[in-house]
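What follows is a short report on a single structure.
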Amino acid sequence: MSRLPVAVLDLRHLSPPEPMERILAALESLPPGEGLAAITPLYPAPLLAILAADGFAYRLRSVDGGHRLLIVRLESAELLAEAWDGSDA
């Protein structure tokens, strides 16, 4: 079993819409087979619709001080369960 390479962005210190803007900018260069983990200060409702429309899959959970997202390209969606269960994101 290979591990999903994940870049992590802790954006809890930023005010909206900057967390969403930074996540979208990072996703522009996300290689296939890699993931992006982001911690946002608020529930990222507007971002979730954009991710789905732009061909990304994600998992979301609440954490202290915010919400944690693990995002991958849709074609790598099967890697989400493995990475999420491994607590890498």
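When reading the values below, keep in mind they use all heavy atoms of this one structure, side chains included, and skip hydrogens, waters and symmetry mates. Note that this is a predicted model, so its numbers are computed, not measured.
Under the 4.5 angstrom side-chain criterion for Ile, Leu, Val, Met, Phe, Trp and Tyr, the cluster partners of Val63 are Ile39.
The distance from atom CG of Leu79 to atom CG of Leu4, rounded to the nearest 0.5 Å, is 5.5 Å. A distance of 11.5 Å separates CD of Glu18 from CE of Met20, quoted to the nearest 0.5 Å.
Scanning all heavy atoms of the two residues, the minimum distance from Pro41 to Leu11 falls at CD-O, 3.5 Å. For the residue pair Ala38 and Ile23, the shortest heavy atom distance occurs at CB-CD1, 3.6 Å.
Residues satisfying the salt bridge (Lys or Arg N to Asp or Glu O under 4.0 Å) criterion with Glu21, sequence neighbours excluded, are absent altogether.
Pairs passing the side chain to side chain donor-acceptor pair (under 3.5 Å) check and including a residue from residues 5-14, sequence neighbours excluded, read Asp10-Arg12. Under the side chain to side chain donor-acceptor pair (under 3.5 Å) criterion, no residue pair touches residues 29-42, with sequence neighbours excluded. Sorted by first then second residue, the ring pair (Phe, Tyr, Trp, His ring centres under 6.0 Å) pairs that include residues 20-53, not counting sequence neighbours, are Tyr43-His67.
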Below 3.5 Å, can you tabulate the donor-acceptor pairs from side chains in residues 47-57 to any protein atom, sequence neighbours excluded?
none

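Counting heavy atoms from C-beta outward, Val6 and Leu36 have side chains that stay 4.5 Å or more apart.
A donor-acceptor contact shorter than 3.5 Å links the side chain of Arg73 to the backbone of Leu30.
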Please assess Arg68 against Val8 for the test side chain to side chain contact (heavy atoms under 4.5 Å, CB included), listing each intermediate value before the final yes or no. CA-CA 10 Å; Arg68 189 173 194 109; Val8 179; 4.2 Å; yes
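If you run side-chain contact (heavy atoms from CB on, under 4.5 Å) between Leu42 and each of Pro16, Pro19, Ser15, only Pro16 comes through.
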